[in-house]
Amino acid sequence: MPFTFQRVGPAPFTSGARQHLARMRDGVRLATDVYLPEPSAGADQATYPAVLIRLPYDKNSRYVFVDGIARRFTARGYALVVQDVRGKFRSGGTTLPFLQEPQDGYDSIDWITHQAWSDGRVGMFGDSYYGFTQWAAVAARHPALRAIVPRMTSADFNRIWKAAGPGQPDPPVWLEGVEYFAHHWIDNDTYDYEPDRTRRPVIDQYEQAFRAIGARSLWFDLLAPRHAGMPTRLGPDPFDALPVPVLHCVGWYDNIGAAHMRDHAELASRPAWAATQYLWAGAVDHENYWLGHAPVADEDDHNADEAALERMLPGYTDPAIEFFDVFLKEDRPATDLPRVRWELGHQGWRTAEAWPPPGSDTRTFWLADPATAAHALPGGALTRTPPTEERSAQWVHDPDEPVPSLVENSFAHLHTHPDFAPVAAREDVLAFTAPASSGPLDLAGPVTVEVHVTSTAPVFDVFAKLLDLAPDGDARLIVRGQVSAEATVGSDEAISIDLGHTGYRLRHGHRLALILAASDFPLYLPTTGTGENPWTAVTTKPGTQTLRTGGVHPSRLTLTVLPPSASPC
């Protein structure tokens, strides 16, 4: 049977925009739409500060809802300029992510400054890849770029694929992330198809797709099967450029949120940049679904419902508009902006002078009673006192029966926000639960797990999910993290897992639960148990993981919490 796919080209032009083909330094022209404010009656040609969005997802598609964004920016006196990046949709040039963005960003800003309606001041805005294009433009150092608002992104996408820090293990093979390049970065269009990820070798499914399409993705070839890494820049590091004001917009449920928070932390630690860093962090995922709506009902789905989109847009655009009012229009003082504005999940919005908020502290829970951890929740225990005697638990990772991810799309985790209690009940998952909270426990900052785990397999993965276990037995995700390790890891060496940052209230009567597994499919490719490349392997072998905790091998969960007697948990 031939491999089937759907080719998706550009949507019709958006009404209200002026279409241009902006010329880059090498002669390539990029499709660029300009939305201008309504002119005042009888006024001469007005000039405006411009906000630039450079994206690879079709500037005219419903998915990026630029027309709605434009209405809100132009109503506040900004020109909105939206551009298909090189090689995508209506833009010319070779389809290749990352590498050309600094030069094209510089040239696009320069093109704006030469338009009759431009007042010479430019900001940039947008999510994910079009957050990256902002950092690329910062690296290029155009003097007209005055401020950026990168959302749900990273200045270097290698932060998503590589270790959280020096000496730490790399993450497992994020199949969903690698697959992105096989759909979006082949040529100008996007290709929708559904590979059978259970068939081995896994790489064959993508080779079939490329043969059917008649073209392939260079970036997919860099990441699969060799995992060679991605050169996301050829020029200077944007963090070495002259500082510009930055509003980092982070989602607590964003699947690349940990990488974005590392950007913020690094810049906040650099004296030249620290004064220009601002943070907005909400209980939202990569696709802008909110915890308050999760699981999302049809009438609250902004990707499908126009009324829901209109309700979502103010929260999406207003933080950026307020930021640009200060740093582009300069009609408000910077002191009007909180240094940190963050959402405490299930509670509401707060402000702080820094992140984590001043006065926060760490709280440690120790993994105990592992003999009962391979059972349904509550399983083993999370205790405030470290166990004095060492205990252990084992579980088997079978690559042919991996632990299910429960979400098909982790970019939109809150759309379904599944109950992980059934997963915790599997024999190949360990679960540990704290006592019920007698008051609110407010999490506000990083979450880490350190576990002593070894395996009979030469390579193994450890997935950690921190859950909110409700009195009715539902267990919903708070944060997660994952690492890949080698059998050379000794039993005396703890594996550290960065679960990212969160702002979350554990409510009265709820319990913290931590689950550990060795697979998470289909979001991640399962290790084969043989040490072979999971993309090309045909055979697999089950492996046994051993967790040790207590005594000289304590395994622990460390949270950042707010005072006061914030919680007697």
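We count residues from 1, following the sequence as given.
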### Message
Between Y289 and H417, does the ring-ring contact (aromatic ring centres under 6.0 Å, His included) criterion hold? Intermediate values first, please.
### Response
CA-CA 10 Å; Y289 292 113; H417 200 30; over 10 Å; no
### Query
Salt bridge or not for R311 and E306, using N-O below 4.0 Å?
no
### Between CG on residue L223 and OG on residue S217, distance to nearest 0.5 Å
8.5 Å
### Query
Among E266, H248, R339, whose side-chain hydrogen bond (donor to acceptor under 3.5 Å, both in side chains) with Q277 holds?
H248
### Query
Do F5 and D192 have side chains that get closer than 4.5 Å, going by heavy atoms?
no
### Task
Could you tell me whether a side-chain N or O of T153 sits under 3.5 Å from a main-chain N or O of S128, the two making a donor and an acceptor?
yes
### Task
In sequence, state the C-alpha distance, the side-chain angles, and the governing distance for S154 and D263, and then conclude on side chain to side chain donor-acceptor pair (under 3.5 Å).
CA-CA 7 Å; S154 179; D263 283 353; 3.3 Å; yes
### Message
Can you tell me how far apart CG (L36) and CH2 (W117) are? Round to the nearest 0.5 Å.
### Response
6.0 Å
### Message
Using a 3.5 Å distance criterion without hydrogens, assess whether the side chain of N60 forms a donor-acceptor pair with backbone atoms of F13.
### Response
no
### Message
Within the 4.5 Å heavy-atom criterion, are Y278 and L337 side-chain neighbours or not?
### Response
yes
### F125: which of Y316, F323, F324, Y130 passes ring pair (Phe, Tyr, Trp, His ring centres under 6.0 Å)
Y316
### Message
Within the structure provided, determine whether Y206 and F3 are in side-chain contact (heavy-atom separation under 4.5 Å).
### Response
no
### Query
Sub-3.5 Å donor-acceptor pair from the side chain of D84 to the main-chain atoms of R90, do we have one?
yes
### Task
Answer yes or no: is there a donor N or O on one side and an acceptor on the other, between the side chain of Q83 and the main chain of L55, under 3.5 Å?
no
### Query
How many angstroms lie between CG in L414 and OH in Y253, if you round to the nearest 0.5 Å?
6.0 Å
### Summary
Across all chains, not counting sequence neighbours, the salt bridge (charged side-chain N to carboxylate O under 4.0 Å, His left out) partners of D67 are none
### Summary
Contacts of D189 meeting salt bridge (charged side-chain N to carboxylate O under 4.0 Å, His left out) (sequence neighbours excluded), chain-then-number -> R7
### Message
Quick one: does any side-chain atom of Y129 pair with a main-chain N or O of F98 as donor and acceptor, under 3.5 Å?
### Response
yes
### Query
Using 4.0 Å as the upper bound for N to carboxylate O, is an ion pair formed by R18 and D33?
no
### Task
May I ask you to decide if E343's main-chain N or O and W252's side chain share a donor-acceptor pair within less than 3.5 Å?
yes
### Task
Look at the side chain of S118 and the backbone N and O of G120, then say whether any donor-acceptor pair between them is shorter than 3.5 Å.
yes
### Closest non-hydrogen atom pair, V81 against A50
CG2-CB, 4.4 Å
### Message
Between W111 and H20, do the side chains contain a donor N or O and an acceptor N or O under 3.5 Å apart?
### Response
no
### Query
Partners of R72 by salt bridge (charged side-chain N to carboxylate O under 4.0 Å, His left out), sequence neighbours excluded?
D318
### Query
Side-chain donor-acceptor pair under 3.5 Å between E176 and S410, yes or no?
yes
### Query
Are the aromatic rings of W174 and F181 close, with centres under 6.0 Å apart?
no
### Message
What I'd like to find out is whether the side chain of R25 reaches to under 4.5 Å of the side chain of D104, using heavy atoms alone.
### Response
no
### Query
Between D336 and R332, is the closest basic N to carboxylate O distance under 4.0 Å?
yes
### Any donor-acceptor N or O pair under 3.5 Å, side chains D285, H413
no
### Query
Would you call the rings of Y63 and Y57 parallel, tilted or perpendicular if under 30° counts as parallel and over 60° as perpendicular?
perpendicular
### Task
Would you indicate whether the side-chain heavy atoms of Y524 and S405 approach each other to under 4.5 Å?
no
### Query
Do the side chains of T536 and D204 get nearer than 4.5 Å, heavy atoms only?
no
### Message
Treating S61 as the side-chain partner and D58 as the backbone partner, does any N or O pair qualify as donor plus acceptor under 3.5 Å?
### Response
yes
### Query
Should we say atom CD of Q19 is surrounded by more than 12 heavy atoms from elsewhere, each under 6.0 Å from it?
yes
### Message
Aromatic contact between Y193 and H183, with the criterion being ring centroids under 6.0 Å apart: yes or no?
### Response
yes
### Message
Would the distance check show the side chain of D461 and the main-chain N or O of P172 forming a donor-acceptor pair, the cut-off being under 3.5 Å?
### Response
no
### Query
Ring centres of Y78 and Y48 under 6.0 Å apart?
no
### Query
Quick one: NE2 on H501 to CG on L279, what's the gap to the nearest 0.5 Å?
9.5 Å
### Summary
Those residues at least two apart in sequence (or on a different chain) that pass salt bridge (charged side-chain N to carboxylate O under 4.0 Å, His left out) with E101 are R54
### Message
Distance check, rounded to the nearest 0.5 Å: T190 atom OG1 versus N188 atom CG?
### Response
10.0 Å
What pairs of donor and acceptor atoms, side-chain ones from residues 238-246 against any protein atom, are under 3.5 angstrom apart with sequence neighbours left out?
residue, atom, partner, partner atom, Å
D240, OD1, R270, NH1, 3.2

### Message
Suppose the criterion is salt bridge (Lys or Arg N to Asp or Glu O under 4.0 Å): which pairs have a residue in residues 131-151, not counting sequence neighbours?
### Response
D127-R151
### Query
Going through the distances and angles, do W535 and L175 end up as a side chain to side chain contact (heavy atoms under 4.5 Å, CB included)?
CA-CA 9 Å; W535 289 101; L175 175 57; 3.4 Å; yes
### Task
Determine whether P56 and W185 make a side-chain contact, defined as any pair of heavy atoms from C-beta on separated by less than 4.5 Å.
yes
### Task
Indicate the atoms forming the closest heavy-atom contact of A144 with T113, along with that distance.
CB-CG2, 3.6 Å
### Task
Kindly state whether the ring of W349 and the ring of W280 have centres lying under 6.0 angstrom apart.
yes
### Task
Measure the OG1-CZ distance between T133 and R86 for me, rounded to the nearest 0.5 Å.
14.0 Å
### Message
For P171 versus I160, what's the shortest heavy-atom pair and its separation?
### Response
CG-O, 3.9 Å
### Query
Does a side-chain N-to-carboxylate-O contact under 4.0 Å join R23 and D107?
no
### Task
Kindly indicate whether the side chain of E353, heavy atoms from C-beta on, has any atom under 4.5 Å from the side chain of V340.
no
#### Entry: Polar side-chain atom of T502 near backbone of V479 as donor-acceptor pair, under 3.5 Å
no
### Query
Hey, are H415 and N409 close enough side-chain-wise for a donor-acceptor pair under 3.5 Å?
no
### Task
Could you check whether the rings of F65 and H302 sit parallel, tilted or perpendicular, using 30° and 60° as the cut-offs?
perpendicular
### Query
What are the two closest non-hydrogen atoms of V202 and P534, and how far apart are they?
CG2-O, 3.9 Å
